[in-house]
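Beneath this line is the structure, given in structure tokens, with notes to follow.
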Amino acid sequence: MNYVIAAYGITVAVLAGYAWNLARERRALSRSEDAARDDERGG
Amino acid sequence: MSGDGTSSEVGTSGIERLAARAIAPLGWLLAVLCAVYAWAVWNAPIDSVQGVIQKILYVHPPQAYGAYLGFVITGAAGLAYLRTERDHWDRLAISGAEVGVLFCTLMMITGPIWGKGTWGRWWSWDPRLTVTLLLWFVYLAYMAFRSFSAPGARTARLAAVYGALGVPLIVLNYYVIELFGSRSMHPENVDRSSFGEGMGFPFFIGNLTLFFAFVWLLALRLDLEGLRTRASWRDAGERS
């Protein structure tokens, strides 16, 4: 049973961690892009 | 970089717009599928030969299919880039490679876990395992090349050729067990006869869930690649 838990646990942890990392960077770059767009309009 | 014109045009290709719009609905679909998947695996019958460890069947082959799909996307998108020189194909190629390497890595983890539980050892230089290791190295090298090379058309062209040349290994990997016959320890490719009663549904749900996990992660990664490209164009504009 431990092997099964390890296989599924590692799969979930790795995929969720990767997704979270991607989402975090997307949010940061989106905010940066919005700020740059606002600067262009304001400037 | 050729093919996208200006920074504002990066991320506006049909496939990138589709990816960006699909992220939220795919995420919700995946949440539902994960719940069904967990229920299906929990309630799946216990194999009379291998015992409960056989339930790794519902996660290991789907990871392999995800790896194959990622690498095929890398090869196909790379060839499309070579033909059209449109940068969105290159962004798709690198996204496919990264998500493919992720699934291949998971396959290389869950496979030995299953092997330890059934064969008593983590690794064997079995033909399937050896070719899978080679496939993993090939696309890890692709990722290393992309990370350490300066972005631009030359890098994209070299990567496209390399990524496409790795695809025949997928076909070899799939058929290598048949080629080596009884000399392979790894079980034969899954078909209908592989399943006992009650095992077909969890296997189907496992494949469906991991397929949509792949597609969702690919969409996220492709959208991120567009954002990164636009950010680098903005930075270049600020420095000039």
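Letters A, B, ... are given to chains in the order of the sequence lines, protein chains preceding strands, and every chain is numbered from 1.
With ring centers used as reference points, B:F103 lies under 6.0 Å from B:F214.
In terms of non-hydrogen atom pairs under 4.5 Å with chain A, the most contact-rich of B:V99, B:L210, B:T110, B:L217 is B:L217. The residue among B:I109, B:L106, B:V52 with the most heavy atom pairs within less than 4.5 Å of chain A is B:L106. Listed options A:N2, A:V4, A:V12 were ranked by heavy-atom pairs under 4.5 angstrom with chain B; first place goes to A:V4.
Here the rule is side chain to side chain contact (heavy atoms under 4.5 Å, CB included) with B:I170, and of B:L69, B:V138, B:L135 only B:L135 fits it.
Distance check, rounded to the nearest 0.5 Å: OG1 of B:T155 to CZ of B:R146 gives 7.0 Å.
For B:R128 (side chain) and B:Y174 (main-chain N/O), a donor-acceptor pair under 3.5 Å exists by modelled atom type.
In this structure, chain B has heavy atoms under 4.5 Å from both the backbone and the side chain of A:Y3.
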